[in-house]
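Only heavy atoms go into these numbers, but all of them, side chains included; no hydrogens, no water, no symmetry mates. Read the numbers this way: they start at 1 and go in the same order the structure lists the ligands and their atoms.
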Amino acid sequence: MSKSISGFSKLSKSHKIDWIVATYFNKNENAKNIIKQYWNSNIKLQQLHDEFIENTITNYYLPFGVAPNFLINGKMHAIPMAIEESSVVAAASKAAKFWLERGGFKAEVLSTTKIGQVHFMFHGDFEVLNTFFKTIKPKLIEAAKPITKNMEKRGGGIIDIELRDKTKSIEGYFQLHATFETLDAMGANFINSCLEQFAKTFREEALDYDGFSQDEQSIDIIMSILSNYVPNCLVRAEVSCPVKDLTEDPSIDAKEFAKKFIQAVKIAEIEPFRAVTHNKGIMNGIDAVVLATGNDFRAVEAGVHAFASRNGSYSSLTHAKIENDTFYFWIEIPLALGTVGGLTSLHPLVKLALELLHNPTAKELMQIVAVAGLAQNFAALRSLTTTGIQEGHMKMHLMNILNQFEATEKEKATLIDHFKTHTATHSAVVEAIKSLRKP
Ligand code: MEV
């Protein structure tokens with residue numbers, strides 16, 4: 001059977017599955033059963049999910065967990081996290097509890113501006129273009145009014161539009177570089193609609209502009225799109241405590257631990273190989289909350305990593321210091337998040353996640369997400385600089401291995417108990433299962 005098909009999107013869901021199973025699974029009914037096993041019996045809920053994207057054949061589950069005990073700016077939160085990695089929620093919860101007993105997390109939004117650009121080509125005199133731009137700038141803003149008026153009523157909208165000369169990098173390349181305030185919306189649709197309107201007005205006005213020569217009149221719009229790099233949509237989260245309170249474990253010297261912890265952060269500040277893993281751990285917390293709250297984790301990832309490289313070398317997103325015998329640990333990251341629009345009112349679990357967080361504003365959600373990232377990094381660095389990461393990881397991973405071997409509840413209980421006092425490497429767990437099953 002041919003592996004190419006036209007009109008796939010027009011097939012019914014069951015015909016799509018039939019085609020997939022026949023073409024890629026040798027008509028194996030088991031494949032069909034697995035696909036259907038994930039369908040929701042609530043027809044309306046299933047239809048809602050089917051319609052989020054094109055060509056849906058089933059649902060892909062991720063665990064939705066909760067990390068309680070987060071004290072953020074004096075308010076308690078149980079943070080929802082959607083993630084498959086076994087140790088992440090446990091680590092967040094542990095860090096939350098630790099800092100709850102030390103005053104909690106402090107977070108503040110430093111700025112909320114988002115960016116979009118119209119990229120275009122113009123082969124003519126810059127001064128002439130600049131004069132044209134200044135003349136028609138009010139018209140660009142005016143023509144976008146039908147798009148911006150509701151946002152403006154709420155206090156947001158277009159902040160500014162600049163003309164940027166990029167001809168040093170590409171001959172004839174210019175930008176309309178626009179800044180926006182989108183309040184509680186992530187704002188992608190709003191920004192893109194504004195930009196496409198700017199591009200249309202810009203091109204049309206150029207055709208009527210007397211100051212241009214005939215060649216200059218034909219401005220060539222390449223594309224209009226928001227930027228996911230939002231270095232002016234910044235949030236900061238911090239924890240601090242006296243150095244002496246930094247450990248509960250009497251076998252660990254608090255001062256030594258603080259010094260080692262700060263060294264680990266400094267290494268991530270200067271060494272990209274370490275920084276990527278360090279920041280990956282931060283993103284374990286960030287992505288999980290971003291996903292649970294229906295936000296675009298790809299946008300957040302792209303923007304955060306660009307920010308981590310802003311000084312020319314990929315570096316740590318967190319920082320730490322000791323000052324006057326106090327340990328400080330903080331993160332500063334760009335986050336473009338929304339608590340209205342998009343999936344936020346459509347996806348029942350996303351709605352529930354936002355309700356769990358007391359229906360936050362976008363600014364409050366930025367703070368919560370930054371805190372989740374900081375907590376995750378604290379937990380990772382604490383393990384790495386003391387016991388090592390594998391002890392905790394393998395404990396959490398134990399259940400995955402047990403499930404892989406289809407362990408019974410009784411076997412699970414016995415082996416979980418066994419590995420409380422034994423090192424849980426993959427091979428040790430496999431050995432233990434085998435020996436338990438020996439007649
Ligand atoms: C694993 O998902 C994340 C860590 O590697 C982060 C880190 O090394 O800091 C533990």
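- Side chain of Thr293 to main chain of Val290: a donor-acceptor pair is present (N/O by atom type, distance under 3.5 Å, no hydrogens or angles).
- Side-chain contact, Tyr314 with Asn279: a donor N or O sits under 3.5 Å from an acceptor N or O.
- Residues satisfying the side chain to side chain contact (heavy atoms under 4.5 Å, CB included) criterion with Ser251, sequence neighbours excluded, are Asp249.
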Measure from every N or O atom of ligand 1 to the protein's N or O atoms and keep only the pairs below 3.5 Å, writing each with atom names and distance to 0.1 Å.
| from | atom 1 | to | atom 2 | distance (Å) |
| --- | --- | --- | --- | --- |
| ligand 1 | 2 (O) | Glu85 | OE1 | 3.3 |
| ligand 1 | 2 (O) | Glu85 | OE2 | 2.6 |
| ligand 1 | 2 (O) | Lys280 | NZ | 2.7 |
| ligand 1 | 2 (O) | Asn284 | ND2 | 2.9 |
| ligand 1 | 8 (O) | Arg274 | NH1 | 2.9 |
| ligand 1 | 8 (O) | Arg274 | NH2 | 3.4 |
| ligand 1 | 9 (O) | Arg274 | NH2 | 2.8 |

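- Remark: the backbone N or O of Lys410 is paired with a side-chain donor or acceptor of Thr414 at under 3.5 angstrom.
- Using a cutoff of 4.0 Å between basic side-chain nitrogens and carboxylate oxygens, Asp184 and Lys363 are not scored as salt-bridged.
- The closest side-chain donor-acceptor pair between Thr425 and Thr423, if any, does not fall under 3.5 angstrom.
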